[in-house]
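Just so you know, ligand 1 is whichever comes first in the structure, and atom 1 is the first atom listed for that ligand.
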Amino acid sequence: MKRKHIVGNWKMNGSAVVIDDVLDQLLKQTLPADVSVCVPSPYLQRAGERLAGSSLRLGAQNVSEHGDGAYTGEVSARMLRDVGCHLAIIGHSERRRYFAETDESVMNKLARLLEVGLFGVVCVGETLAERDGGRAEAKIESQLAQLHTLMARGATPKRFCVAYEPIWAIGTGRAASLEQIAQMHEFIKRCLGASYAVLYGGSVKAVNAADILALSAVDGVLVGGASLDAKEFGEICRAAS
Ligand code: PGA
């Protein structure tokens, strides 16, 4: 069986003390999966130094769609690589909602990551109104459409994966049902190709992780709130085996 990917998304939480503590606790555990932690950008360098030589991978939560230059406040893909990142989350629904990210900017960001050899975790997901209106698949298909341009230019399954995160399941304690997850993951694999990994995100906790990860179309999980608790995150990682 392929190893599953477990990605923690700490969002805009934590402090130097908290981050050191969570990473130290994670480093003491045996984690039978490919595990990454996406920390807030001011702490990337610090986290990278702590994780050096370990199997835990460092990730960012965003990247600029521009290359280095006069873009005040932005962080380029090259800079992320420089401080030890392996991957970056892009197009998270919070960034689409609060920072006006579009499918086009997500594609540009993925292109920047690929240019410097970083892995992209591209988030997609529908609102509750879209699901209730029977438009969930159409929404996801439209969010994936731009990726085909990059796939034609060599963005293979080794370069990026998709995280299916229904917006109504994020931070609500109400994860999608196993049936909804399986259906959408199979749909995404039909859109992109079966070898592209698809992670599920949205209220993944230690109590539901094993059932979600046991689904054959689920290649891993993207964990928000529960990833800042090293004990719970460790349990989620062990549920992958
Ligand atoms: P959650 O967040 O696990 O807290 O629901 C997931 C995410 O936003 O990536």
Side-chain angles (χ1 to χ4, degrees), residues 4-14 18-19 22 26 31 33-41 43-44 47 56-63 85-101 103 106 109-110 113 119-128 130-131 136 139-140 143-144 160-178 180-181 184-185 188 197-213 215 218-240:
K4 307 247 173 179
H5 306 273
I6 315 291
V7 181
N9 173 12
W10 292 358
K11 309 194 179 184
M12 197 167 71
N13 293 300
V18 168
I19 283 167
V22 176
L26 287 176
L31 303 173
D34 288 330
V35 183
S36 311
V37 280
C38 298
V39 309
S41 54
Y43 304 116
L44 282 171
L56 272 177
R57 293 203 199 110
L58 182 67
Q61 300 170 13
N62 183 30
V63 64
C85 285
H86 281 84
L87 69 150
I89 296 171
I90 45 180
H92 190 282
S93 62
E94 287 151 14
R95 295 217 52 91
R96 292 177 189 260
R97 178 167 173 207
Y98 303 126
F99 305 101
E101 287 196 7
D103 293 332
V106 172
K109 285 171 185 230
L110 181 57
L113 292 179
F119 187 83
V121 178
V122 180
C123 299
V124 296
E126 81 284 359
T127 62
L128 194 55
E130 286 161 344
R131 176 159 284 272
K139 168 72 175 294
I140 304 304
Q143 289 184 317
L144 295 173
F160 78 94
C161 73
V162 170
Y164 169 55
E165 297 205 301
I167 295 167
W168 46 272
I170 295 176
T172 58
R174 180 186 161 201
S177 71
L178 296 176
Q180 288 169 329
I181 297 171
M184 192 58 90
H185 281 225
I188 293 170
V198 184
L199 317 186
Y200 168 76
S203 298
V204 175
K205 310 277 176 216
V207 288
N208 59 14
D211 287 343
I212 294 171
L213 285 161
L215 295 170
V218 171
D219 301 294
V221 285
L222 177 52
V223 185
S227 67
L228 265 167
D229 178 332
K231 189 166 166 286
E232 176 148 21
F233 190 56
E235 280 172 35
I236 293 170
C237 296
R238 282 186 289 281

Please could you name the atoms of ligand 1 that [X] approaches to less than 4.0 Å, counting only its heavy atoms?
X	answer
Glu165	6 (C), 7 (C), 8 (O), 9 (O)
Gly171	1 (P), 4 (O), 5 (O)
Ala169	5 (O)
Ser203	1 (P), 3 (O), 5 (O)
Asn9	9 (O)
Gly224	1 (P), 2 (O), 3 (O), 4 (O), 6 (C)
Gly225	1 (P), 3 (O), 4 (O)
Gly202	5 (O)

Without hydrogens or angle criteria, can the side chains of Glu165 and His92 be said to hold a donor-acceptor pair below 3.5 Å?
yes

Please assess Asn62 against Phe99 for the test side-chain contact (heavy atoms from CB on, under 4.5 Å), listing each intermediate value before the final yes or no.
CA-CA 11 Å; Asn62 183 30; Phe99 305 101; over 6 Å; no

Report yes if some heavy atom in the side chain of Tyr200 is under 4.5 Å from a heavy atom in the side chain of Leu215; otherwise report no.
no

Determine whether Val35 and Phe233 satisfy the following criterion, side-chain contact (heavy atoms from CB on, under 4.5 Å), listing intermediate values before the conclusion.
CA-CA 10 Å; Val35 183; Phe233 190 56; 3.7 Å; yes

May I ask you to check whether His92 has an N/O atom sitting below 3.5 Å from an N/O atom of ligand 1?
yes

What's the separation between atom CD1 in Ile140 and atom NE2 in His185, rounded to the nearest 0.5 Å?
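These two atoms lie 9.5 Å from each other.
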
Would Ser227 and Val37 count as a side-chain contact (heavy atoms from CB on, under 4.5 Å) if you check the C-alpha gap in whole Å, the side-chain angles of each, and the deciding distance to 0.1 Å?
CA-CA 8 Å; Ser227 67; Val37 280; 6.0 Å; no

With Val221, the side chain to side chain contact (heavy atoms under 4.5 Å, CB included) member among Ile212, Val7, Leu199, Ile181:
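Per the side chain to side chain contact (heavy atoms under 4.5 Å, CB included) rule, the option paired with Val221 is Ile212, out of Ile212, Val7, Leu199, Ile181.
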
